[in-house]
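Heads up, the thing below is written out as C-alpha cells.
Everything quoted here is computed from the prediction, not taken from an experiment. The figures here come from the full heavy-atom set of this structure, side chains too, leaving out hydrogens, waters and symmetry mates.
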Amino acid sequence: QNSPQPLEDAAQIPLTPEDILKRGINLELNQCPADSEFLTAFIDVSRNVLWYTIMAWNKETFKGHVVNYGIFPEQIGNYHTLASCKKTIPDRYPDVEYSQALTNALDDCVTQMLAINFHTEGGVPIYIERIGIDSGWGAESQTVYNYTRRARLRQLVSTKGFGSTPARRPLIDPEKERQPRTSLTGQWKFTRNSVGTTLLQYDTNLWKSKTNALLRCTNEAKTGITLFNKKVKGRSPNHRMFCDQIASESSIWVEGGGRRIETWKCPPHRDNHLLDCMVGCSVLAHVCGASMPFTQSSIQATGANKGKAL
C-alpha cells in the first residue's frame with residue numbers, strides 16, 4: 001500500500017512547440033545576450049548520432065540563452081528524428097569498431113564546439129565553461145568515461161541522471177551529513193566513475209521542472225530561457241525540430257511515502273534528446289555558480305510530512 005501512485009491531475013498544462021518558438025529573440029547563431037558571462041554545453045549520446053546544445057548564462061539571474069544546437073554528424077535538412085538520421089557515427093568512421101567510432105565522434109563534436117567564436121552583442125568574447133556528456137546510454141558508459149579521462153580537457157564531465165521517485169530518498173538527502181561537491185537545492189553531486197574521473201549525477205525530474213519553469217518566463221523577465229532567432233537573408237531559422245523536442249514531455253504528480261513528486265515522461269515515438277541537452281546545460285550552469293531562481297518545487301510534502309525538508 002506504500003508504493004507510489006500516479007495522480008490523475010497533470011502538474012500543469014504542457015508547453016507546446018509554439019510556446020518554445022516564442023522564446024526566440026533577435027540574436028544571431030552563436031551570439032549571446034549582452035549580460036551573458038559564460039557558456040555550458042551538453043551532449044546526449046545515442047547509437048547513431050550525438051545531439052548537442054550550447055547555452056549562454058548570467059550567474060546572478062540564471063537567465064539562459066540557446067546559442068547553438070544540432071546533431072553530429074551533421075544531417076542534410078532541418079528536421080530529423082533519431083530514426084530518420086541518415087548520416088551515422090558508424091558510417092562516418094567505418095574502419096574502426098563502434099566504441100572507437102563513438103570516441104572519435106565525441107572528440108570531433110567537442111573540438112567543433114570549442115572552435116566556435118562565441119561573443120556577446122557588444123562583441124565581447126565568451127567561452128564554454130563546462131561540457132557535459134551523458135553516460136547513461138547502456139553499454140557505452142565506459143566509452144564516455146574513458147573519453148573524458150583521456151581527452152584531458154578541463155571543461156569535460158561525464159554525467160548521469162537520477163530519476164527521483166517518492167519511494168527513493170533524494171539524491172542529496174537533507175537528513176544526512178552534507179558531502180563536498182554536492183548541492184542540496186540543486187540535487188546534484190560529483191562522484192567518481194569506474195575509471196576514476198569525475199561523474200556528475202543530478203535529479204532529472206527536479207531539473208526538468210526547473211527548466212520548464214524557465215521556459216514559461218516571458219522574454220523580458222529577469223530570468224528564463226531564450227533562443228537565437230535573427231533572420232538570415234530575410235528568413236528566420238527553422239527551429240521546428242528543436243521546439244518539438246523541447247516540448248516533448250509532460251508531467252504528473254506521483255505520491256507515496258509522504259511525498260508528491262512532479263515526474264516527467266516522454267510519449268512513445270517522440271524524441272526528447274534536445275530537451276535532455278537543455279536540462280543538462282541548466283544543471284551545469286548551477287554547477288558553475290549561477291544562482292538558482294525561485295521556481296515551484298517539484299517535490300511536495302503530504303500528510304504527516306508537511307513542513308519537513310524533502
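Minimum interatomic distance between Ala41 and Leu284 (heavy atoms only, all atoms of both residues): O-CD1, 3.3 Å. In this structure, Ser183 and Ile172 approach most closely via the heavy-atom pair O-CG1, 3.5 Å. Nearest heavy-atom pair, Arg149 versus Val195, reported as atom, atom and distance to 0.1 Å: CD-O, 3.6 Å. Closest approach of Lys63 to Ala221, counting heavy atoms only: NZ-O, 2.8 Å. Residues Ser158 and Thr148 share a closest heavy-atom pair of N-CG2, 4.0 Å. Contact detail for Pro17 and Ala247: the closest heavy-atom pair is N-CB, 3.7 Å.
Remark: the Arg23 side chain and the Asn219 side chain contain an N/O donor-acceptor pair separated by less than 3.5 Å. Donor-acceptor pairing under 3.5 Å is lacking for the side chains of Ser36 and Asn58. No side-chain N or O of Thr111 forms a donor-acceptor pair with one of Asp108 less than 3.5 Å apart. Side chain to side chain, Glu140 and Ser99 meet the donor-acceptor criterion of an N or O pair below 3.5 Å. Side-chain atoms of Asn146 and Thr143 include no donor-acceptor pair closer than 3.5 Å. A donor atom on one side chain and an acceptor atom on the other are not found under 3.5 Å apart for Tyr79 and Asn238. Residues Asp271 and Thr81 have side chains that never bring a donor and an acceptor to within less than 3.5 angstrom of each other.
Judged purely by atom type and a 3.5 angstrom limit, Ser135 uses its side chain to pair as donor or acceptor with the backbone of Thr159. Within the 3.5 Å criterion, the main-chain N or O of Cys281 finds a donor-acceptor partner in the side chain of Thr40. For Gln187 (side chain) and Leu171 (main-chain N/O), a donor-acceptor pair under 3.5 Å exists by modelled atom type. Not one N or O on the side chain of Tyr147 forms a donor-acceptor pair closer than 3.5 Å with the backbone of Ile133. Judged by distance alone, the side chain of Gln31 and the main-chain N or O of Glu28 form a donor-acceptor pair under 3.5 Å. Side-chain atoms of Gln245 do not come within 3.5 Å of backbone N or O of Ser248 as any donor-acceptor pair. Looking at His273, its side chain never comes within 3.5 Å of a backbone N or O of Tyr52 through a donor-acceptor pair. Checked by atom type and distance alone, the side chain of Trp207 pairs as donor or acceptor with a backbone atom of Gly186 at under 3.5 Å.
By the criterion of side-chain heavy atoms lying less than 4.5 angstrom apart, applied directly or through intervening Ile, Leu, Val, Met, Phe, Trp or Tyr residues, Leu200 is grouped together with Val279 in one hydrophobic cluster. Note: the hydrophobic cluster containing Leu29 also contains Ile20 (ILVMFWY, side chain heavy atoms under 4.5 Å, direct or indirect links). Transitive grouping of hydrophobic side chains (ILVMFWY, heavy atoms separated by less than 4.5 Å) brings Leu39 and Val110 into a common cluster. Under the 4.5 Å side-chain heavy-atom criterion for grouping Ile, Leu, Val, Met, Phe, Trp and Tyr, Phe190 is connected to Leu206 within one hydrophobic cluster.
Taken to the nearest 0.5 Å, the CG atom of Asp173 stands 11.5 Å off from the OG1 atom of Thr182. Atom CZ of Arg92 sits about 9.5 Å away from atom CG of Asn104, to the nearest 0.5 Å. Interatomic distance, CH2 of Trp253 versus CZ of Arg260, reported as 6.0 Å (0.5 Å rounding). Remark: Gln112 CD to Asp107 CG distance equals 11.5 Å, nearest 0.5 Å. Rounded to the nearest 0.5 Å, atoms OG1 (Thr165) and CD1 (Ile261) are 6.0 Å apart. Taking CZ of Arg270 as the start and NZ of Lys265 as the end, the distance is 15.5 Å to the nearest 0.5 Å.
Heavy-atom neighbours of Glu121 CD from other residues, nucleotides or ligands within 6.0 Å: above the threshold of 12. At most 12 heavy atoms of other shown residues, nucleotides or ligands fall within 6.0 angstrom of atom CG in Asn117. The environment of CD in Glu74 is sparse: at most 12 heavy-atom neighbours from other residues, nucleotides or ligands sit within 6.0 Å. Counting heavy atoms of neighbouring residues, nucleotides and ligands inside a 6.0 Å radius, atom CZ of Arg235 does not exceed 12 of them.
Each of Leu50, Asp44, Asp134 was scored for a side chain to side chain contact (heavy atoms under 4.5 Å, CB included) with Cys277, with one residue passing: Asp44. For the side chain to side chain contact (heavy atoms under 4.5 Å, CB included) with His286, the lone residue among Trp57, Phe62, Tyr202 that qualifies is Phe62.
Within the 4.5 Å cutoff, side-chain heavy atoms of Arg192 are placed close to those of Thr198. Counting heavy atoms from C-beta on, the side chains of Tyr69 and Leu227 come closer than 4.5 Å. Taking 4.5 Å as the limit, every side-chain heavy atom of Met113 sits out of range of all side-chain heavy atoms of Asn68. The shortest side-chain heavy-atom distance between Trp137 and Val144 does not fall under the 4.5 Å cut-off. Between Asn212 and Trp264, the closest side-chain pair of non-hydrogen atoms falls below 4.5 Å. Asn30 has its side chain out of reach of Phe228: every pair of non-hydrogen atoms, C-beta onward, lies at least 4.5 Å apart. Between Val67 and Phe118, some side-chain heavy-atom pair lies under the 4.5 Å cut-off. Inter-residue side-chain proximity for Val49 and Gln75 is flagged as met; some heavy-atom pair is nearer than 4.5 Å.
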**Request:** Could you walk me through whether Lys208 and Glu249 pass the salt bridge (Lys or Arg N to Asp or Glu O under 4.0 Å) test, one step at a time?
**Result:** CA-CA 9 Å; Lys208 284 178 181 179; Glu249 297 196 13; 3.0 Å; yes
**Request:** List the steps and the verdict of side-chain hydrogen bond (donor to acceptor under 3.5 Å, both in side chains) for Ser194 and Gln142.
**Result:** CA-CA 8 Å; Ser194 58; Gln142 198 76 11; 2.8 Å; yes
**Request:** Could you give me the CA-CA distance, side-chain angles and deciding distance for Trp188 and Val287, then say whether side-chain contact (heavy atoms from CB on, under 4.5 Å) is met?
**Result:** CA-CA 8 Å; Trp188 53 259; Val287 169; 3.7 Å; yes
**Asked** Between Ser209 and Glu262, is a side-chain hydrogen bond (donor to acceptor under 3.5 Å, both in side chains) present by the stated rule, with each step listed?
**Response** CA-CA 7 Å; Ser209 295; Glu262 189 176 14; 2.8 Å; yes
**Request:** Run the numbers on Met278 and Val66 for side-chain contact (heavy atoms from CB on, under 4.5 Å), then give the verdict.
**Result:** CA-CA 8 Å; Met278 178 181 282; Val66 178; 3.8 Å; yes
**side-chain contact (heavy atoms from CB on, under 4.5 Å) evaluation trace for Leu215 with Ile246** = CA-CA 10 Å; Leu215 286 164; Ile246 299 301; 3.6 Å; yes
**Asked** How far apart are the C-alpha atoms of Glu175 and Arg169, what are their side-chain angles, what is the distance that settles it, and do they pass the side-chain contact (heavy atoms from CB on, under 4.5 Å) test?
**Response** CA-CA 10 Å; Glu175 297 180 3; Arg169 293 304 300 168; 3.9 Å; yes
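No cation-pi contact links Arg150 to Tyr145, judged by a cut-off of 6.0 Å to the six-membered ring centre and 45° from its axis. Geometrically, Lys59 engages Phe38 in a cation-pi contact, judged by NZ or CZ lying under 6.0 Å from the ring centre and within 45° of the ring axis.
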Got a list of side-chain donor-acceptor pairs under 3.5 Å for residues 122-132, not counting sequence neighbours?
none

